[in-house]
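Since the structure is predicted, the reported quantities are computational estimates derived from the model, not experimental observations. What's counted below: heavy atoms across the whole structure, side chains too, no hydrogens, waters or symmetry copies. Convention: sequence-line order gives letters A, B, ...; per-chain numbering from 1.
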Protein chains: 2
Amino acid sequence: MDIKKAMEILRENGYKNTSQRKIILDVICKQKRPYKANEIFNMVSEATSGINFSTVYRNLELFLNLGIINKISLNESFNYYELSTGKHRHHIICKLCGVVKEIDLCPFKDMEISELEKLGFEPKEHKFEIYGICSKCKNNMIK
Amino acid sequence: MDIKKAMEILRENGYKNTSQRKIILDVICKQKRPYKANEIFNMVSEATSGINFSTVYRNLELFLNLGIINKISLNESFNYYELSTGKHRHHIICKLCGVVKEIDLCPFKDMEISELEKLGFEPKEHKFEIYGICSKCKNNMIK
DNA sequence: TTTAGTGCAAACGGTTTGCACCGCT
DNA sequence: AGCGGTGCAAACCGTTTGCACTAAA
């Protein structure tokens, strides 16, 4: 997923190509880790002026529905957003500095699916997150 | 963990043994699945009158700090609470009716831990949740 | 020109907090 | 008696919404 593809999805679905959307998408496409809504708002505000928080939220919601981005809820009172990559992702979260990083690991196996289906439960999605101490914080603790 | 053990933990840590705490603990000890704060509040209110939401929240927070209960945050704007069992737990959540159920399955393996440690990340806890359709909702769909 | 999108301000909903009173210990 | 706990009401904070104006198609 890149900004061109995202704009195409918007157009195909009859949504307008506004300057605000372009800037929000630009910020999201450049991100190296999942961002909070207010981080996205701040970065968007650096690029333009007068954009409103509700515009950011409304568009995050729209991008979410169109599958352009994913929403991640962790053990916190706010959500994170990241560019959709097709395959599902999992994250590690530092308990000290709060940084969120994507990992390749997925522990969900066919065996477990059949285990659940025995219970009559049909799994659709899953979430896997690991909380711990990142290398940066570990180094700071030693110093 | 049962109500006696919980009261003991409170006493040992110098907290008072109030009637409100007894009722909240009683509700939590009887629960068959994780409850939302407002579910706990409603059940507590049935048992007594005049109890305040802030008392429930303050005590949930306290019980959490003392390890009596666990807090579970899912993809929703509120949290769930369940009695602490020593071993960590995972959950399945129905995407239709929202019911939360505990499962025994844990997909986190030693192999994965060492994988993470290579990155310099020290895992402490993890979260694993499966979203899908429960048997009850599946049956309702067929009818 | 039409209709979706935006900015603004106010509302929302779960949670937290300040304060005076209450009731364990 | 002293101080932790409670009820109350208001604040908090991330998010959502109603409305009139703006701008993309």
Any side-chain N or O of B/Gln20 under 4.0 Å from OP1/OP2 of C/dC24? no

Check whether any side-chain nitrogen or oxygen of A/Asn52 sits under 4.0 Å from OP1 or OP2 of C/dG5, and answer yes or no. no

Kindly say whether B/Leu62 contributes a backbone atom to a donor-acceptor pair with the side chain of B/Asn59 at under 3.5 angstrom? no

Taking for each residue the nucleotide of DNA chain C with the nearest heavy atom, is it B/Asn17 or A/Leu62 whose nucleotide lies nearer the 5' end? A/Leu62

Looking at every strand, decide which applies to A/Tyr15 at a 4.0 Å heavy-atom threshold: base, sugar-phosphate, or nothing. sugar-phosphate

Does D/dC13 have OP1 or OP2 under 4.0 Å away from a side-chain N or O of A/Asn38? no

Picking from C/dC8, C/dT16, D/dT6, the nucleotide nearest the side-chain atoms of B/Arg58 would be D/dT6

Closest listed nucleotide, where the reference is the side chain of B/Phe78 and the choices are D/dT6, C/dG14, C/dG7: C/dG14

Identify which nucleotide among D/dT17, D/dT6, D/dA24 has an atom closest to any side-chain atom of A/Lys16, counting heavy atoms from C-beta outward. D/dA24

Does the ring centre of B/Phe53 sit less than 6.0 Å away from the ring centre of B/Phe41? yes

Could you go step by step and tell me if A/Glu82 and A/Tyr80 meet the side-chain hydrogen bond (donor to acceptor under 3.5 Å, both in side chains) rule? CA-CA 7 Å; A/Glu82 70 172 1; A/Tyr80 287 84; over 6 Å; no

Are A/Thr55 and C/dG5 close enough that a side-chain N or O sits under 4.0 Å from OP1 or OP2? no

Go through B/Asp26 and B/Lys22 one step at a time and tell me if the salt bridge (Lys or Arg N to Asp or Glu O under 4.0 Å) criterion holds. CA-CA 6 Å; B/Asp26 193 52; B/Lys22 253 178 279 182; over 6 Å; no

